[in-house]
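Structure, as C-alpha cells:
Naming: A, B, ... by sequence-line order, numbering from 1 per chain. Quick note: numbers below take in every heavy atom, side chains included, and nothing from hydrogens, waters or symmetry partners.
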Protein chains: 2
Amino acid sequence: MNTKEKIMHIALDLFSVRGFSAVSVHEIAKEVGIKAPSLYKHYKSKQDIFEAILLQMQKGYQQEAQGFALSGVDPNVDAKQYIMMSEVDLLQLGKQLFLYFLKDEFVVKVRKMITLEQFHNKDLADFYSLQYFHAPIEYQATLFQTMMDSKIFRQEDPKVMALHFYAPLFLLLTLCDRNSDQEQDAFELLEAHIKQFSRLYKN
Amino acid sequence: MNTKEKIMHIALDLFSVRGFSAVSVHEIAKEVGIKAPSLYKHYKSKQDIFEAILLQMQKGYQQEAQGFALSGVDPNVDAKQYIMMSEVDLLQLGKQLFLYFLKDEFVVKVRKMITLEQFHNKDLADFYSLQYFHAPIEYQATLFQTMMDSKIFRQEDPKVMALHFYAPLFLLLTLCDRNSDQEQDAFELLEAHIKQFSRLYKN
DNA sequence: GTCTATAAGAAGATAGAC
DNA sequence: GTCTATCTTCTTATAGAC
C-alpha cells in the first residue's frame with residue numbers, strides 16, 4: 001500500500017471512532033509515520049481525505065454488489081432466482097447481508113464515520129438514508145412482491161414486509177457497531193428473527 | 001430560564017448537530033449572549049456542560065416514564081392492563097412510544113448528541129444500547145409474553161416478537177432524526193407496520 | 001456574574017531546503 | 001516526497017477589574 005492509501009485508511013480508522021473534527025492532521029500523519037506537512041503532498045486538505053474515503057466507498061460498493069448473492073441492481077432478476085426460496089434460503093440471505101455489512105472492515109468503518117457526521121450536512125444525511133433505509137427497503141420489497149405473487153408468502157404489503165425483514169437487521173447491526181462484544185448474541189437473535197419471520201409470513 | 005440552564009440548552013442544540021469537539025466554547029457563549037470566560041462561572045469546563053446534559057436527561061427520563069402509558073418500571077403490572085389489548089390499542093401504544101421519542105425536543109437532541117459520541121467511550125456506547133435496545137426489547141418481551149399467555153397472540157418467542165415490534169420503530173426514528181422532512185412518510189409506514197404486525201401475530 | 005486581557009497551546013496549512 | 005520552520009487563527013481556560 002502506497003502512502004496516499006495508507007493516509008486514507010489511517011484517517012478512516014480515526015474518523016470512524018472519534019469523528020472528523022476531533023482528529024488532527026498531526027495525529028493522522030504520526031500514525032502513518034510521516035510529518036504533518038508531508039501529508040499535504042498527497043491531499044490538499046483534511047476535508048480532501050474525508051471526501052476521498054467517500055469516493056473510495058462508492059467505487060468499492062459497486063464492485064462488491066456484483067459478486068453478491070443479491071446483485072443489488074435488478075431485484076426482478078434476483079427474485080426469479082428466489083421464487084422457490086425456502087426458509088433456509090431466506091436465513092442464508094439474511095445472514096449473508098448481515099455479515100457483509102458487519103464484517104467488511106471498510107464498510108463498517110465508513111458506516112461508523114458517516115454515523116458520526118450524519119447531522120452535519122444534508123448530503124451525508126441523504127447518503128446514509130439511501131444506503132441504510134430506502135435502497136434496502138425498496139430492493140427487498142420488490143423481492144418479496146415477486147415471492148408473494150408466486151404464493152410462497154401470504155399476501156401483505158411488500159414494503160412493510162421488507163421493513164419487518166430489514167429493520168431487525170439494522171437494529172442488530174448498529175448494536176454491534178457500538179458493542180462488538182455482543183456480536184454473538186446479535187447473530188443468534190438474527191437467526192431467531194428470520195426463522196420466526198418465515199413462520200409468520202409463510203402461506 | 002437562568003443563564004446556567006440557557007448555556008446547557010444552547011450547548012445541546014450545537015452538540016446534537018455538529019458533535020462535541022466541533023463546537024467551541026466561544027460559539028456557545030455567543031449564542032447565549034455572553035462572553036466565553038463568563039461561561040466558566042457556571043461550568044468548570046466544556047466537558048462539564050456535556051455531563052450536565054446527560055445528568056439532566058437521566059433525571060427527566062425518570063419523571064417522564066411515570067406519566068407514560070407504559071410505566072417503564074414494571075412490565076408485569078403494565079401487561080395486566082393490556083391483556084385485553086386490541087389491534088387499535090397496540091397501534092396507540094406504538095404511536096405514543098414513537099411520538100415520545102420523536103417529539104420530546106430534549107429527548108431527540110440528547111439522542112442525536114449521543115449518536116455522535118457513541119464510539120468515543122464505552123460508557124456512552126453502553127448507555128445508548130441500554131436506552132435504545134436492551135431496555136425496550138426486554139420491556140416489550142415481558143409485555144408480549146403476558147399477552148401470549150392469555151392467548152391474544154400466537155405462541156412465539158416473545159423476545160423476537162419484541163424485536164419485530166420495536167426494530168421498525170427504531171429504524172423509522174433514526175430516519176426522522178436525519179431527514180425530518182420524511183416524518184409524514186415514516187409515520188404512515190409506522191401505522192402500516194403495526195397493523196400488519198397485529199395480523200401476523202393474531203391468534 | 002459579567003467583562004477585558006491574556007496565557008499557553010494546538011489547529012490547519014504553506015514555504016522552501018534537501 | 002520528505003523534512004524543518006513558520007504563519008495565522010482558533011482553542012480552552014485563567015486572572016483580575018468592575
Side-chain angles (χ1 to χ4, degrees), chain A residues 1-57 109-110 112-121 123-124, chain B residues 1-56 109-110 112-114 116-121 123-124:
Chain A
M1 201 184 324
N2 62 34
T3 306
K4 185 162 187 172
E5 290 172 335
K6 209 168 164 184
I7 291 168
M8 196 184 73
H9 281 89
I10 284 174
L12 178 56
D13 282 344
L14 296 168
F15 291 162
S16 65
V17 173
R18 309 226 310 277
F20 179 80
S21 73
V23 175
S24 74
V25 174
H26 174 85
E27 203 173 355
I28 298 167
K30 193 181 173 184
E31 289 286 316
V32 172
I34 57 174
K35 300 294 180 181
S38 307
L39 192 146
Y40 288 86
K41 295 287 178 183
H42 302 280
Y43 296 94
K44 73 174 204 286
S45 67
K46 187 182 164 189
Q47 185 66 32
D48 195 33
I49 305 173
F50 183 82
E51 279 154 23
I53 293 169
L54 292 184
L55 221 71
Q56 174 70 21
M57 212 237 26
K109 286 173 189 166
V110 172
K112 285 188 179 186
M113 185 182 81
I114 297 175
T115 298
L116 302 183
E117 309 301 327
Q118 64 183 319
F119 307 132
H120 278 205
N121 87 53
D123 283 352
L124 286 171
Chain B
M1 201 183 328
N2 62 31
T3 307
K4 186 161 186 172
E5 290 172 336
K6 209 168 164 186
I7 291 168
M8 197 184 72
H9 280 88
I10 284 173
L12 177 56
D13 281 345
L14 296 168
F15 290 163
S16 64
V17 173
R18 308 224 312 276
F20 179 80
S21 72
V23 175
S24 74
V25 174
H26 174 84
E27 203 173 354
I28 298 167
K30 192 181 173 184
E31 289 283 316
V32 172
I34 56 174
K35 300 293 180 182
S38 307
L39 191 145
Y40 288 86
K41 295 287 177 183
H42 301 280
Y43 296 94
K44 73 174 203 286
S45 67
K46 186 182 161 189
Q47 185 66 32
D48 194 33
I49 305 174
F50 183 82
E51 278 154 22
I53 293 168
L54 292 184
L55 221 71
Q56 174 70 20
K109 286 173 189 168
V110 171
K112 285 188 178 188
M113 185 183 80
I114 297 175
L116 302 183
E117 309 302 326
Q118 64 183 320
F119 307 132
H120 278 203
N121 88 53
D123 283 352
L124 285 171

How many angstroms lie between atom [atom1] of [X] and atom [atom2] of [Y], to the nearest 0.5 angstrom?
X: D13(B); Y: H9(B); atom1: CG; atom2: NE2; value: 8.5 Å
X: T115(A); Y: L116(B); atom1: OG1; atom2: CG; value: 9.5 Å
X: L124(B); Y: Q118(B); atom1: CG; atom2: CD; value: 9.0 Å

Does S38(B) place a side-chain N or O at less than 4.0 Å from the phosphate oxygens OP1/OP2 of dC3(C)?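 Result: yes.
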T3(A) vs dT2(D): side-chain N/O to OP1/OP2 distance below 4.0 Å: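 Indeed, a polar side-chain atom of T3(A) lies that close.
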So which protein nitrogen or oxygen atoms get under 3.5 Å of nucleotides 10-14 of chain D's nitrogens or oxygens?
{"from": "dT12(D)", "atom 1": "OP1", "to": "V23(B)", "atom 2": "O", "distance (Å)": "3.4"}
{"from": "dT12(D)", "atom 1": "OP1", "to": "K46(B)", "atom 2": "NZ", "distance (Å)": "3.1"}
{"from": "dT12(D)", "atom 1": "OP2", "to": "V25(B)", "atom 2": "N", "distance (Å)": "3.0"}
{"from": "dA13(D)", "atom 1": "OP2", "to": "Y40(B)", "atom 2": "OH", "distance (Å)": "3.0"}
{"from": "dA13(D)", "atom 1": "OP2", "to": "K46(B)", "atom 2": "N", "distance (Å)": "3.0"}

Could you state the [atom1]-[atom2] distance from [X] to [N], rounded to the nearest angstrom?
X: Y43(A); N: dG1(D); atom1: OH; atom2: C1'; answer: 14 Å
X: H42(B); N: dT2(C); atom1: NE2; atom2: C1'; answer: 8 Å
X: I34(A); N: dA13(C); atom1: CD1; atom2: P; answer: 14 Å
X: L39(A); N: dT4(D); atom1: CG; atom2: P; answer: 15 Å
X: I7(A); N: dT2(D); atom1: CD1; atom2: C1'; answer: 11 Å
X: K41(B); N: dA17(D); atom1: NZ; atom2: P; answer: 12 Å
X: K35(A); N: dT14(C); atom1: NZ; atom2: P; answer: 20 Å

Name the atoms and distances for all side-chain donor-acceptor pairs under 3.5 Å in residues 29-36 of chain A, with sequence neighbours left out.
none

Classify the ring geometry of F20(B) against F15(B): parallel below 30°, tilted from 30° to 60°, perpendicular beyond 60°.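 If you compare the ring of F20(B) with that of F15(B), the planes turn out tilted.
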Less than 4.5 Å apart, any side-chain heavy atom of R18(B) and any of F119(A)?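 Answer no - side chains too far apart.
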